[in-house]
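Take a look at the structure set out below.
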Amino acid sequence: MHQNLDSRIQTLLKQKNWPTLTKIQEMSFPSISNGNNTLIIAPTGYGKTEAAVLPLFNQMINEDVKPVAVLYITPLKALINDLSLRIDWWASKLGLIVNRKHGEVPQKEKNLRLKHAPHILVTTPEGLEIDLDWASKFRDFYKNVRWVIVDEVHELINSKRGSQLAILLERLKYFTGRDFQRIGLSATVSNENLVADFLFGSSDRKRSIIKLEGKRDFQVKVKKIDNGSWEDAASSLISSIEPPSLIFTNSRFSTERLHEELEKLGQKDVFVHHSSISRDLKDMVEEKLRKNQSNAVICTKTLELGIHIGEIKKVIMFRPPPSVSSFLQRLGRSGHSVSGTPNGEIISMFDFDVLESLALCEMAKKGKVEKPIVDNSLDVVARELLGHLLQNQETKLEDFYKIVTGARAFSNLGIKTFMRMIDCLEANGLLKKESDVLKLGPNFFRVWRFNREYKTIWCKDFSEFFSLINNNDTFSLRFEGKVIGEIDAVYVYKHIRVNDVIRISGKLWKVTRINVNKMSLDVVPENSRKGEIPIWRGENISKSYMIAKGESIILKEGKIDEKMLDDKAYSSIKELTDFYKEKEIPFPSNSNIVLEKRDEEWVYSTIIDERISNTIAHIMLYLTSKRYTLSTYARASIYGFSIKGSPIDLLQELKDYDEEKMKAVIKKAILRSSLFIATLKEIQPSFGRLGRKIDPERDKFIVNEALRQTLRKYFSVKGTISFLKSIREEKISIVTYEGETPIGDAVVLHVPIRPWLIDIVESIYEALKGGAYTSSELAEVLGIPLKSLENKLKQLKKMSDKYKISSFIDVDSKEVRWVLVDDFQNIVNSDDYFTSFTPSNVEETFIALLKSADRESQIELIFKPKDIIQNPEDIKRRIPFEDIGELRVIDMNEMSYSTPLKFYGVSRQVIPYILLNATTYIQSVKFS
């Protein structure tokens, strides 16, 4: 293929000391040169970037190409600087201009691209979004685009950013009027045709998939540390580091915490790299790696993809990564060349970490990676439609429908669903429809505002419009107004509740308030007890179903590669398997469940797809919180599930549900789940529904879309039904064990999932509004246990705002009914309850004994019902305190043997009504 290259490029190859092109570069050259849409699949380090750009340079230097001719899109800002330098090395010597675009590029550089538009622009999906939607001066250069390269396609396809890009490419095609050539670069994927469909969209060009066959060898050692302390973890890292090393963690928190411990142990030239540090710091760290000036860098996904950072000698993974794909990407950062052999190590904290590490290696050796799932979220379609209107001011409805269905992610989007989305956007004022023409609506710039000073829960910063990365994905921790840390939002929704103790930066903090609207947790220092929720332990990352598959294979075959394990890791696995042999119980697997009862927690250990486990756990959480208690939690993992607070074995009940009943209960469970709440909050801005309580009827489209996305991302209806059917048909056996098992330990080490109760006050308020209900009626409507509801009702009596409630006796049914204080007068005057406030004899005399809320003051009132009817305000004036802790009403005519009628937690505002209710009730009993 060398002979087909222009002599100028051949000269540059010599300068690079490249004797020839790599195999993947040679394989790709004809397809790209012939104008085919091309997907290039090869492991990291095989020169995929040059495989894409060299054939294009070969054409560009012999043609009169106008800027912007090549659009190079990458998923990470961290890759842009590196790729720009890498591509510019060739381009600048061939007379071509390369520019980069991302949010941290200096303004001077941004201005320069208008004066000297680049032939090649390197950006992210968000960068393309901004240019198409808003950069009116630069946008016209995009009409010259002839080639689009999408790097790390496998990283995009499963996400909303991927479906955003898919529509953007269709919008770009519509804008240019040209079927430009599309080239994708990907690591190994399990369904390359699906990835190709996703990338090529509506393009009519011929297509080619260029794949480097064969599996790459790698070397991995699995180590186990003695106990779960940060100090031990850091000590183990010191003995593992071979400069320069990359140390991957599964969270930003772990990254910072390990760095802190390594500093305490005197380690030098160890740096941190993750998404929350500044671009300047990231640049510094990357440069240190290139110049071999660092011993190690502790990082997250930001260094997982193909950024060039010099020769990495070793990759260390602190805890196993969550998927085979991630494992291969991380491992591939070492031996980052065609002839190099990736060298890695996984540091395990627990026995099940060792098992996961073996499973990852097992699946990787077999060439098995996760199947891509194309995201088809409709909030992406809504956002792209609004962006298209920003660009064009108006569009015909059928034109945009054609654009969006040209994207593979939305090729099956039905016109009825599309029109329901249009109706939703129109109802919320984000767009207006005039016949078949769509325009921006009056509320667009009220929701998406330029002035940051006026940003509230009712609006979003306009800069956030262009990104489908959830900008509210963290809760800040605040102490005395200062931010002391942050936690992922989904983690908060699933696990954190008021009074929980959290460990952040080596300190303990107690949560005193959860402010959902401001995405913040108010905390105070806590010194008296341990942190109940160690953030780092589970990392709160869902594990791939491929890990569960790998574990099943290892346990079924009983083959463990001892060479991969250090002594402690091998001992831990041997002790794990020996336990089950000695106790003569089957090892938890895809055909066995071991049930154990730990205090009030039912623990079901097995090897299972986490989405199925999550579904069952949420069903159990829903049933327990509805029937028995709100003091409950569930757990879910690839090792099984658990539920606390149920008096019965719920799995025995669930296995007998028919399919329709199971689907119904899953839907109810998800609608009550924190994951649904998090998804609903994430998509609301795209549909213009901010700062208001979602109405299930008015906002039915948004609720259904949030439900659909939550199901797809976190749950498995079909898998759960199949799993329970297998139990029913005894294809999966359940063995009860009186004691605690190692895999049972793996289940309970996962952080509890709690019922989402932050909104229960609002739910009670909505249920009571305009009516009066018994506790039993409310419990049934709200789906929570009666005892828990009654405790919450007592708390609401003490509120000082619109949520304050009171109660009265329904004289006809002799039941206590609850009512909002603000609604009390209307209830008194209503036809339904008028008889409960109408004494039969208004001339009788009664005594009211009232104690203040703090029980320190007490007064006595003598009154007749007619006094209250004639002048209710006079009764209020006679009471010196606002809240009455206890009220006793006594019939003066029957004092010798009548029992006083008692009320608790009464507001002075409703005292006249309560006294009328009390006298009416006493008389009804006396005269009945």
Side-chain angles (χ1 to χ4, degrees), residues 220-229 232-233 236 249-251 254 317-324 326-327 345-363 534 536-561 564-581 583 585-590 592-596 598 601 603-610 612-614 617 635-642 737 739-752:
V220 173
K221 192 78 174 177
V222 180
K223 292 177 66 175
K224 169 86 165 45
I225 60 177
D226 288 325
N227 58 62
S229 75
D232 283 347
S236 179
T249 73
N250 295 326
S251 72
S254 293
M317 297 174 230
F318 175 69
R319 312 282 311 281
S323 68
V324 181
S326 183
F327 168 74
E345 188 171 288
I346 305 176
I347 294 181
S348 301
M349 305 287 282
F350 306 103
D351 295 344
F352 61 87
D353 278 358
V354 179
L355 190 56
E356 283 177 33
S357 302
L358 288 169
L360 286 165
C361 294
E362 175 73 21
M363 301 312 279
W536 62 278
R537 182 170 4 186
E539 307 288 9
N540 196 42
I541 295 176
S542 294
K543 300 290 173 64
S544 162
Y545 65 94
M546 295 295 288
I547 297 177
K549 273 190 174 182
E551 290 178 336
S552 294
I553 291 170
I554 290 168
L555 295 170
K556 190 174 182 179
E557 295 179 353
K559 294 178 181 177
I560 296 173
D561 187 352
M564 284 180 54
L565 308 176
D566 74 352
D567 291 342
K568 290 176 183 175
Y570 179 73
S571 295
S572 73
I573 284 290
K574 193 170 185 312
E575 287 172 14
L576 184 73
T577 52
D578 285 351
F579 174 89
Y580 289 90
K581 290 175 184 175
K583 301 296 181 182
I585 52 176
F587 198 97
S589 68
N590 52 10
N592 293 304
I593 299 171
V594 177
L595 169 60
E596 28 182 301
R598 301 191 180 194
E601 187 170 1
V603 180
Y604 306 83
S605 57
T606 182
I607 302 295
I608 188 173
D609 182 333
E610 191 165 325
I612 298 172
S613 177
N614 205 30
R635 305 181 202 262
S637 70
I638 59 173
Y639 301 103
F641 44 90
S642 75
Y737 178 69
E740 298 182 358
T741 66
I743 300 299
D745 289 341
V747 176
V748 300
L749 276 169
H750 283 74
V751 184

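Quick note: numbers below take in every heavy atom, side chains included, and nothing from hydrogens, waters or symmetry partners.
Between the side chains of Ser251 and Ser254, at least one donor N or O sits under 3.5 Å from an acceptor N or O.
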request  = Starting from the C-alpha separation in whole Å, work towards a yes-or-no answer on side-chain contact (heavy atoms from CB on, under 4.5 Å) for Phe350 and Asp745.
outcome  = CA-CA 10 Å; Phe350 306 103; Asp745 289 341; over 6 Å; no

query = When you look at Val354 and Leu576, which way does the side-chain contact (heavy atoms from CB on, under 4.5 Å) test go after all the steps?
reply = CA-CA 10 Å; Val354 179; Leu576 184 73; over 6 Å; no

request  = May I have the step-by-step check of side-chain contact (heavy atoms from CB on, under 4.5 Å) for Glu740 and Glu596, ending in yes or no?
outcome  = CA-CA 7 Å; Glu740 298 182 358; Glu596 28 182 301; 4.0 Å; yes

task = Show your reasoning for whether side-chain contact (heavy atoms from CB on, under 4.5 Å) applies to Tyr639 and Ile607.
result = CA-CA 5 Å; Tyr639 301 103; Ile607 302 295; 4.0 Å; yes

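In this structure, Tyr580 and Phe587 have tilted ring planes: the angle between them lies in the 30° to 60° band.
Contact record, Asn250 with Pro322: OD1-CD, 3.9 Å, taken as the closest heavy-atom pair.
Distance check, rounded to the nearest 0.5 Å: OG1 of Thr741 to NZ of Lys583 gives 11.0 Å.
A 4.5 Å side-chain heavy-atom check between Ile608 and Ile593 finds every atom pair outside the cut-off. Lys223 is not listed as a side-chain neighbour of Lys568, based on a closest heavy-atom distance of 4.5 Å or more. Taking 4.5 Å as the limit, every side-chain heavy atom of Glu575 sits out of range of all side-chain heavy atoms of Asp351. Taking the side chain as every heavy atom from C-beta outward, Ile585 and Phe579 approach each other to under 4.5 Å.
Asp566 has no carboxylate O lying under 4.0 Å from a charged side-chain N of Lys224, or vice versa, which leaves the two without a salt bridge. Using a cutoff of 4.0 Å between basic side-chain nitrogens and carboxylate oxygens, Asp567 and Lys574 are not scored as salt-bridged.
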